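Since the structure comes first, as structure tokens, the remarks are kept for the end.
Remember, it's a predicted structure, so these values are computed and weren't measured experimentally. Below, read A as the first sequence line, B as the second, and so on, with proteins coming before strands; counting in each chain starts at 1. Values reported hereafter were calculated over all heavy atoms of this structure, with side chains retained and with hydrogens, waters and symmetry mates removed.
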Protein chains: 2
Amino acid sequence: MPHPARPTVTLREVAAAAGVSVATASRVLGGSARTVSAENARKVLEAASELRYTADVAARAMRRKSDSIALVADDLTTPSIAQVVAAMERQARTVDAFVTVSAAGGDTRRQLETVRTVCAFRPRALVITSSWAATTAYGARLAEELHAYERRGGRVVIYGDMDAPFDAISVDDRGSARLMGAHLAATGHRRIAILAGTRERTFAAARTTGFLEGLLGGGVDVRDIRVIDCPVSRAGGYAATSRLLEESPGEFDALMAVNDTIAVGALSACRAAGVDVPGRLSVTGFDDIPLAADVTPRLTTVALPFAEIGERSIRLALTVAGRPDRPGVRRTVIGRLMVRQSSKVI
Amino acid sequence: MPHPARPTVTLREVAAAAGVSVATASRVLGGSARTVSAENARKVLEAASELRYTADVAARAMRRKSDSIALVADDLTTPSIAQVVAAMERQARTVDAFVTVSAAGGDTRRQLETVRTVCAFRPRALVITSSWAATTAYGARLAEELHAYERRGGRVVIYGDMDAPFDAISVDDRGSARLMGAHLAATGHRRIAILAGTRERTFAAARTTGFLEGLLGGGVDVRDIRVIDCPVSRAGGYAATSRLLEESPGEFDALMAVNDTIAVGALSACRAAGVDVPGRLSVTGFDDIPLAADVTPRLTTVALPFAEIGERSIRLALTVAGRPDRPGVRRTVIGRLMVRQSSKVI
DNA sequence: GGATAGGCGGAAAACGAATGAAAGCAGCGA
DNA sequence: TCGCTGCTTTCATTCGTTTTCCGCCTATCC
């Protein structure tokens, strides 16, 4: 055969072209500790670039630790996650690592499935967002799976909370939410409705608690606060707010949402119902997604340092594993109050 | 050693636990065509689940085609891409494939680098978004790289345009934009400014052309149209609009942006300058990102079927490759006009 | 000048899974 | 009893790379 249709160009061919052994070629291209003569190194590099050689990671992964980091996120369409992912990408690039992303949207069961799938790639580290309560059967099995992965030499980093000793970077949702509660109380708001999302979302529960603490600490009467569950989505915020405005018009002077997406839905409902924001009702969000500054009125919210979160997650993921049974390292970041036009001083 | 700390659980161990050979275990777990007795199959499956075995994709990829599909996107934080990615995920899941995502944000050079990196994973197919002109040196090398990948048996699907015979799914940007141009002309707009993005973005150029065609076809005088380049971002739209409103106030009755993000920036600039939209100026976007319905006034735009795009991309990626030199299959989708409050009838 | 490091290259053994070839085995007819 | 068929299982090889081990050559020191 004069021109065998090669499936891919291998190290063997590079070595042959350079006139050295595969071992030598591997040492040059793979960044080995062993030294290779300058002359041979040059020839190998030349041949590799000539043949457009790229090492097959699959084969490489068999003998060497991989440099891919797997991110298992709930939902990639969430604006906040997108920002975190982008930051991770940037950070990983600086250390020649590589981030693969997969969505496990939904629940702990899907998370478990996805983790198993990603583990098959034998990544160097696993970053997993956890916004679901780990109390279900699947949650426990998930933790078990992650532990098994760590025992096999992997690194696990949680973004969010989990009742298990993994390294974690988490937002102090409760403390950050307290800031917002205190702010509304301080600016004279006294009758508050909280759009609390759903109970299974741990961040939603923590933020609701923080809101309450801040409000109560600022002198708001607990009987003047109403906590309303709703789906964590724009539509959820819209529906809950519409219902609220219809059933008890004028009863509240502030509406606090556990995230910006819900808050945007709420704003939309207010506009539809002809309720002036912030004239008759202050509305606040949480996250400071890019959209928050673009809605009308611009949304008062709590800004979270997503870029920092992404960067730190990767840094944590790349530190070498310590003792298998050491307690998890936990980094906490706190949000910053962003007062804009959707809330006012009463 | 009673308990050697294994880095990973291998097929050999599963086979040993089940009391069969690795070959048999492989056939059971790998879904081979060859038949295995029910009794042995049961034992293998039992052992595998007991040991929490997951096949190492790296090793598997050496003999068999992988199930992973790599997506190389420009920028994952773009709302439209996020929707496409989510749809791809869903579709891939239905056929037991697996999508890995990586951002190559920026330019063709970074795209080339990223493609080379993900090719090393030997994915089954490569879906690449292409919104950058392929006329640069890197663009040509990118096409070359992709061809090499196809020759090695991979599938390449382009989302967007490319002057190369790959399978592609693309939006008829020009035709869709024509709808918007025609609509504005028909509703009485006569003096138009187009926020055209940058020339290197192929979608921006196509949409601008479509706008022009629609407007001219509707009787707008070409001398009353102004095309303004600007960065493809909210800030870019804001700055360009501010400048425009300052330099030539009242000169235009409509502002057409090549995407929603720019349009949102434009709306913001109008609000800042005290220009009533749509009273004094109609503003339109393109894409129908979720945000479009949440800004005030709600944005008139062209809705693109992102979910369909994502789903079709994956379907295309999973069809078996035909003859290496066959012309690329090209699927085109067209947008739908969404008339909302940011434009009016004059 | 000879012994001894030490640098460097190459052959070959992994790594984990897939697979073609070959072997084992039961049933059947001659 | 033998040979054949059809089905299942095992053996041995393969994939592309890294890494270990061994041997060669040169430089250094006594």
Side-chain angles (χ1 to χ4, degrees), chain A residues 4-45 47-48 51-68 119-124 152-153, chain B residues 4-44 47-48 51-68 119-124 152-154:
Chain A
R6 296 206 183 292
T8 185
V9 34
T10 75
L11 188 60
R12 188 191 313 276
E13 296 167 56
V14 174
V20 299
S21 73
V22 281
T24 304
S26 167
R27 285 194 264 261
V28 175
L29 269 14
S32 157
R34 281 265 309 253
T35 57
V36 171
S37 73
E39 168 64 7
N40 275 344
R42 188 192 54 75
K43 284 195 294 189
V44 168
L45 289 173
L51 294 169
R52 323 185 138 274
Y53 168 80
T54 38
D56 185 324
V57 279
R60 171 171 282 185
M62 304 207 45
R63 303 280 302 173
R64 192 206 237 195
K65 284 206 130 181
S66 92
D67 18 284
S68 71
C119 275
F121 283 86
R122 306 283 185 260
R124 178 162 160 182
R152 285 182 229 133
Chain B
R6 297 207 183 291
T8 184
V9 33
T10 75
L11 189 59
R12 188 191 315 276
E13 296 168 57
V14 175
V20 300
S21 74
V22 276
T24 304
S26 166
R27 285 193 258 270
V28 173
L29 296 165
S32 160
R34 302 255 302 252
T35 57
V36 171
S37 72
E39 168 64 6
N40 275 344
R42 190 191 54 74
K43 283 196 293 189
V44 169
L51 293 169
R52 319 186 140 272
Y53 169 80
T54 41
D56 185 323
V57 279
R60 170 173 281 184
M62 304 205 47
R63 302 278 310 174
R64 191 208 235 194
K65 288 209 127 182
S66 89
D67 289 329
S68 68
C119 273
F121 281 89
R122 307 285 185 259
R124 178 163 163 183
R152 285 182 232 131

Give the rounded distance in Å between these two atoms: [atom1] of [X] and [atom2] of [N].
X        : N       : atom1 : atom2 : answer
Glu39(A) : dG9(C)  : CD    : C1'   : 14 Å
Asp56(A) : dA17(C) : CG    : C1'   : 14 Å
Tyr53(B) : dA17(C) : OH    : C1'   : 7 Å

For [X] versus [Y], what's the shortest heavy-atom pair and its separation?
X        : Y        : value
Tyr53(A) : Thr10(A) : CE1-C, 3.6 Å
Ala17(B) : Leu51(B) : CB-CD1, 4.1 Å
Val36(A) : Thr24(A) : CG1-CG2, 3.8 Å
Val14(A) : Val9(A)  : CG2-CG2, 4.5 Å
Ala41(A) : Val28(A) : CA-CG2, 3.8 Å
Arg60(B) : Leu29(B) : NH2-O, 4.2 Å

So what does [X] touch, heavy atoms closer than 4.0 Å: a base, only the sugar-phosphate, or nothing?
X        : result
Thr24(B) : base
Val36(A) : sugar-phosphate
Leu11(B) : sugar-phosphate
Ala25(B) : nothing

Within the structure, does a side-chain N or O atom of [X] lie under 4.0 Å from either OP1 or OP2 of [N]?
X        : N       : value
Asn40(B) : dT9(D)  : yes
Ser21(B) : dC11(D) : no
Arg12(A) : dG16(D) : no
Ser26(B) : dA18(C) : yes

Taken to the nearest 0.5 Å, the spacing of Asn40(A) CG from Leu45(A) CG works out to 10.5 Å
End-to-end axis angle, where each axis spans five pairs of the helix from dG1(C)-dC30(D) to dA30(C)-dT1(D), to 10°:
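The end-segment axes of the helix from dG1(C)-dC30(D) to dA30(C)-dT1(D) are tilted 70° relative to each other.
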Measuring from the side chain of [X] (C-beta onward, heavy atoms only), which nucleotide among [options] has the closest atom?
X         : options                   : result
Met62(A)  : dA17(C), dT17(D), dC15(C) : dC15(C)
Arg60(A)  : dC8(C), dC15(C), dT18(D)  : dT18(D)
Arg122(A) : dA17(C), dG7(C), dG16(D)  : dA17(C)

Give each protein N/O atom lying under 3.5 Å from an N/O atom of nucleotides 21-27 of chain D, with the pair distance.
{"from": "dC21(D)", "atom 1": "N4", "to": "Arg34(A)", "atom 2": "NH1", "distance (Å)": "3.3"}

I'd like to know whether CZ of Arg52(A) has more than 12 heavy-atom contacts from other residues, nucleotides or ligands below 6.0 angstrom.
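Yes, CZ of Arg52(A) has more than 12 neighbouring heavy atoms, counting only those of other groups under 6.0 Å.
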Taking the nucleotide of DNA chain C with the closest heavy atom to each, which residue, Ala23(A) or Thr35(A), is nearer the 5' end?
Thr35(A)
